Protein chains: 2
Amino acid sequence: MGIRKSTLEEVAAAAGVSKMTASRALRGAPDVSPETRQRVLNATEQLGYVGNRLALSLSSRKTNLVAVVVPSMSNIVFPEVLAGISAGLEGSGMQAVFGLSDYDAGKERDVIRDMLSWRPSAIIVTGLDQPEDTVKMLRSADIPVIQIMDLDGTPIDFNVGLSHGKAGEEMARALIAAGRRRFGYIGSALERDLRAAKRRAGFERVLHENRLAFIGQRLGDTLSSVGLGKHLTHELLRAEPNLDCIYYSNDDMAVGGAFASVEAFRSDDILMAGFNGLELAAALPVRIATSRSPRRLIGEVAARLACDPIASNASSSSKITAFVPEITGVV
Amino acid sequence: MGIRKSTLEEVAAAAGVSKMTASRALRGAPDVSPETRQRVLNATEQLGYVGNRLALSLSSRKTNLVAVVVPSMSNIVFPEVLAGISAGLEGSGMQAVFGLSDYDAGKERDVIRDMLSWRPSAIIVTGLDQPEDTVKMLRSADIPVIQIMDLDGTPIDFNVGLSHGKAGEEMARALIAAGRRRFGYIGSALERDLRAAKRRAGFERVLHENRLAFIGQRLGDTLSSVGLGKHLTHELLRAEPNLDCIYYSNDDMAVGGAFASVEAFRSDDILMAGFNGLELAAALPVRIATSRSPRRLIGEVAARLACDPIASNASSSSKITAFVPEITGVV
DNA sequence: ATGAAAGCGCTAACAG
DNA sequence: CTGTTAGCGCTTTCAT
C-alpha cells in the first residue's frame, strides 16, 4: 500500500529514453546531453517522481543510513545529542535512524539487530557497556561502530565522549577544595544509568581519599526528574539537616534539589552539585554546581566519523575522542 | 561497505533446503516441518545471519516504516512526542524514522521528500501549515498522512492534536476570571513557531472581548529558552512594573519568567502563565499557570493510526482526534 | 552519449 | 510440506 508510485522506467518512457539514461540524468552524470537531461527532468516533474531508495540501496549496496541508539528521550540530554548528529550529518547525504533502548540491555540488543537489518553505513550507540552478544553482533556487522558519551571501558571501534568516573572525581575535588565537607548523595536507577553510577563511584573515590564519605543518601527507583530530585532532597534534608553539599546523579535531580533548598530556606548554606550543564541550570535563581558535558558536540563528532571514518580518523590518528567537562558554580 | 553479510541463500544452503523454505522457516510460517525449521534456525545462528530489510521491503512492497517530521529537538516537548510514537509503535513491527525541520518550511519539504523516498507506510508531520507544494507531495505519496499537535487549519488526512487558538483563549478567560487585568506578553520567533503565534492570537482575542489589551510585551528572536524568558521578563518588569500577569509563548519561557519574578521579589504579586505543562513547572518553588498539552498521548495516538489507519479510523469514525488541554495553576 | 543484460536479496504466486 | 519461476526498482558492467 502506498508503495506504488511512478518508477524510473515510466520517467524514462515519458522522456523517450532508456532507464539508464534517465538514471544518469537524474544523478547528474557528466555524460548526458543537456537536452536529454532536460527532457528527463521535465518528465520527473510531470510525474511527481520520487526515487525509490530501497531499490537504489539494494542495487548499489550502500544505504547512506546511520543507525543511532540512545537510551531515552525523556531527558533533554539525548535529544540534544541527536540534534548534534543531525547537524553533523547535514549536507553529507546521510540519514539518521533512531532507536530507543529505555536503558535496557535486552531491548538495546533487539533494537540494534533491527537497525542492522537496514544495512546502515555506520552505527552510533550510547555507552561502552553492551553485553557480549550485542558486541558480537556489532562487530560482525562489519561497519564503523561509534560508541558515544562514555569513555570508561573498552571501545569496539570508535569512541567519542568523556570519562564519567573522572567527572565525578573532579567534581569531588573541586567541592572539597572549596571547603565542602558534609556530603550527601541523591540519585536514581543507578543500576540502569551506568554513567551516573560511574560518576558516583568516582566522586566517592575522592571522598575516601580525603577520609570523607557520604553522610546520607537517597536513591529513587524511577528515572531521574526534577520532581523526584526535589522530593528526595526534602527527605534527605530532614534526615540529615547538617549537610553542606549534595551530589546528584544529574542536573535534573540537582535542579529539583535547588528548588527544595529554596523551599526549606537552606539555599545559602548548602550547595547542590549535578552533571550536564543544562541551559536551565544556568538560569536558576540559586546557584548550583555542575560539569558541562559537550553533548551536542559529541553528536556532531560522531556524525562526522559516521560519514567518513577514514578521513576523520586519519586526521586525529586515534579512534578515541576525549572531552573534559568544565566545572562551574562551585563555591 | 559493510553491506556484505550472509544471505538467505547461504543460510538455505547450510541448512540443505531451498531459499523459500528458509524464508518460511524464519518468518514462522505454519507449513514447515519442525526439524527443517530447526536446521534453518541453527544455520542462521551459525552464520550470524541478519535479514536484509531492503530486499524484504522491495520484494514485498511494504516497508513497515513510519516517517516522522518534527521541528526541533531542543525543547523537551518534541522528544516526548517521539517517545510516545515509539511506544505506540512497540510490538507492531513498525519502525519510526525521524527528521528535523528546524521550524523551516523549505527544510521541511526537503526532509519530507527524502523520507518519502524510503517509501514509508505512513507519515507523521507536525502542524497544519505546510505550504502548497509540500501538501501536494504528501498527497501524492498515497499513504496515510497524520498531522499532529495543531488542529487549527485544514488537515490533509488524519489530524491529532489540540486547538492552540482555543488554548490561548481559555487561558485568557481563566486568568481574567481569577481577577488578573494588567497583562504582558513574552515570546520569541513567533513567525516560525506558528502554534505559539496562534495561542497568542487566541489570548489577545479574549483580552479584546473584555476591553483589555497587552500593556507591554517583549519578543525575542532566538528560539525559546528558560534563559531568554528570564532575560526578557527582567526587561519587561523594568519597563512595566505594574503588570499583574505575563503570558508566555510556552513553559520554558514562563519558567524563566518565574525565576525572574523570584529575583525581583515579585513572585507574590504577579502570575506567570505558559503552555505545555512541563514536569519541571510542577516542581517549581513558585506557582505558574499552564495548559497541559497531552503530547506523549498525541504521539501514541498518531502511531496507532500509522499502524492501522483503517481500524483506528473505523472505531473513531472521524479522522480528527481532538484534545483539550487542562489549565492548572491559575490564581 | 546511450542502451541491454544481469543481478542486488528477498517474497509472491504457483506448482508439486 | 517444499521447490520453481518471476519479479520488486534500481545500478553495475559491458557494449555500441
Side-chain angles (χ1 to χ4, degrees), chain A residues 1-41 43-44 47-65 93 116-121 142, chain B residues 1-40 43-44 47-65 93 116-121 141-142:
Chain A
M1 165 191 202
I3 210 170
R4 171 77 196 116
K5 299 209 56 174
S6 52
T7 69
L8 221 208
E9 184 139 36
E10 289 168 31
V11 172
V17 295
S18 73
K19 266 180 4 182
M20 264 326 296
T21 304
S23 169
R24 289 187 182 109
L26 288 178
R27 281 179 295 159
D31 44 1
V32 176
S33 77
E35 48 179 276
T36 303
R37 167 162 320 181
Q38 198 47 58
R39 292 222 311 286
V40 173
L41 258 31
T44 302
L47 300 175
Y49 172 73
V50 176
N52 185 333
R53 283 187 78 151
L54 295 165
L56 188 162
S57 297
L58 183 60
S59 172
S60 65
R61 292 125 157 292
K62 46 164 57 171
T63 53
N64 290 129
L65 228 52
L116 288 180
S117 72
W118 286 103
R119 298 294 187 270
S121 305
D142 196 33
Chain B
M1 167 189 202
I3 208 169
R4 171 77 195 115
K5 299 208 54 170
S6 54
T7 69
L8 222 210
E9 184 139 35
E10 289 168 29
V11 171
V17 296
S18 75
K19 262 175 17 177
M20 265 325 294
T21 304
S23 169
R24 288 186 184 112
L26 288 179
R27 280 179 296 161
D31 44 2
V32 176
S33 78
E35 46 179 278
T36 303
R37 169 160 321 182
Q38 199 46 59
R39 292 223 311 283
V40 173
T44 302
L47 299 175
Y49 172 73
V50 176
N52 184 332
R53 284 187 79 150
L54 295 165
L56 188 162
S57 298
L58 183 60
S59 171
S60 65
R61 294 131 152 290
K62 46 164 56 172
T63 52
N64 291 129
L65 228 51
L116 288 180
S117 72
W118 286 103
R119 297 297 187 270
S121 305
D142 196 34

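Computed from a prediction, not measured in an experiment: that's the story for all the values here. Naming: A, B, ... by sequence-line order, numbering from 1 per chain. Quick note: numbers below take in every heavy atom, side chains included, and nothing from hydrogens, waters or symmetry partners.
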Output yes when a side-chain donor or acceptor of Arg37(A) lies under 3.5 Å from a complementary backbone atom of Ala29(A), and no otherwise. yes
Enter the distance from Ser23(B):OG to Leu56(B):CG here, rounded to the nearest 0.5 Å. 8.0 Å
Starting from the first five and the last five pairs of the helix from dA1(C)-dT16(D) to dG16(C)-dC1(D), work out the angle between the resulting helix axes, to 10 degrees. 30°
Gap separating the CG atom of Leu26(A) from the OG1 atom of Thr21(A), nearest 0.5 angstrom: 11.0 Å
Whole-Å gap separating P (dT11(C)) and NZ (Lys62(B)): 12 Å
Whole Å only: how far is the CD atom of Glu9(A) from the C1' atom of dG3(C)? 13 Å
Going by the rule salt bridge (charged side-chain N to carboxylate O under 4.0 Å, His left out), which residues pair with Arg53(A) if we only count those two or more places apart in sequence or in a different chain? Asp114(B)
Within this structure, what is the OG1-CD distance for the pair Thr44(B) and Gln38(B), rounded to the nearest 0.5 Å? 10.0 Å
Check whether any side-chain N or O of Tyr49(B) sits under 4.0 Å from OP1 or OP2 of dC10(C), and answer yes or no. yes
Would you say Thr36(B) reaches dT2(D)'s phosphate, i.e. side-chain N/O to OP1/OP2 under 4.0 Å? yes
By nearest-heavy-atom nucleotide on DNA chain D, the more 5' of Pro30(B) and Val50(A) is Pro30(B)
What's the separation between atom OG1 in Thr7(B) and atom NZ in Lys19(B), rounded to the nearest 0.5 Å? 8.0 Å
To the nearest 0.5 Å, what is the distance between CG (Leu47(A)) and CG (Leu8(A))? 11.0 Å
Separation of dC8(D) atom P from Asn52(B) atom CG, nearest Å, is 18 Å
Within the pair Thr21(A) and dG3(C), is there a side-chain N or O less than 4.0 Å away from OP1 or OP2? yes
For nucleotides 5-7 of chain D, list the nitrogen or oxygen atoms of the protein found under 3.5 Å from its nitrogen or oxygen atoms, one pair per line.
from   : atom 1 : to       : atom 2 : distance (Å)
dG7(D) : N2     : Ser59(B) : OG     : 3.2

Arg27(B) vs dT11(C): side-chain N/O to OP1/OP2 distance below 4.0 Å: yes
Taking CG from Leu56(B) and C1' from dG9(D), how many angstroms apart are they, rounded to a whole number? 15 Å
Can you see if the side chain of Thr7(A) gets near the phosphate of dG9(D) - specifically, an N or O under 4.0 Å from OP1 or OP2? no
Sub-3.5 Å donor-acceptor pair from the side chain of Ser117(B) to the main-chain atoms of Val50(A), do we have one? no
Atom CG of Asp31(B) and atom P of dG16(C): how far apart are they, to the nearest Å? 18 Å
note: Leu58(A), atom CG; dC8(C), atom C1'; distance rounded to Å ~ 4 Å
Would you say dT11(D) has OP1 or OP2 under 4.0 Å from some side-chain N or O of Ser60(A)? no
Under 3.5 Å: donor-acceptor pair, side chain of Arg61(A), backbone of Leu58(A): no
Presence of donor-acceptor pair under 3.5 Å, side chain of Arg24(A) and base of dG3(C): yes
Taking the nucleotide of DNA chain D with the nearest heavy atom to each, does Ala55(B) or Val17(B) sit closer to the 5' end? Val17(B)
Nearest 0.5 Å, what's the CG-CZ distance between Asn52(B) and Arg119(A)? 4.5 Å
Output the rounded distance in Å from CH2 (Trp118(A)) to P (dG9(C)). 16 Å
Kindly say if Ser33(B) contacts the phosphate of dT2(D), meaning a side-chain N or O under 4.0 Å from OP1 or OP2. yes
Are Ser18(B) and dT2(D) close enough that a side-chain N or O sits under 4.0 Å from OP1 or OP2? no
Interatomic distance, Arg119(B) CZ vs dC8(D) C1' [rounded to whole Å]: 12 Å
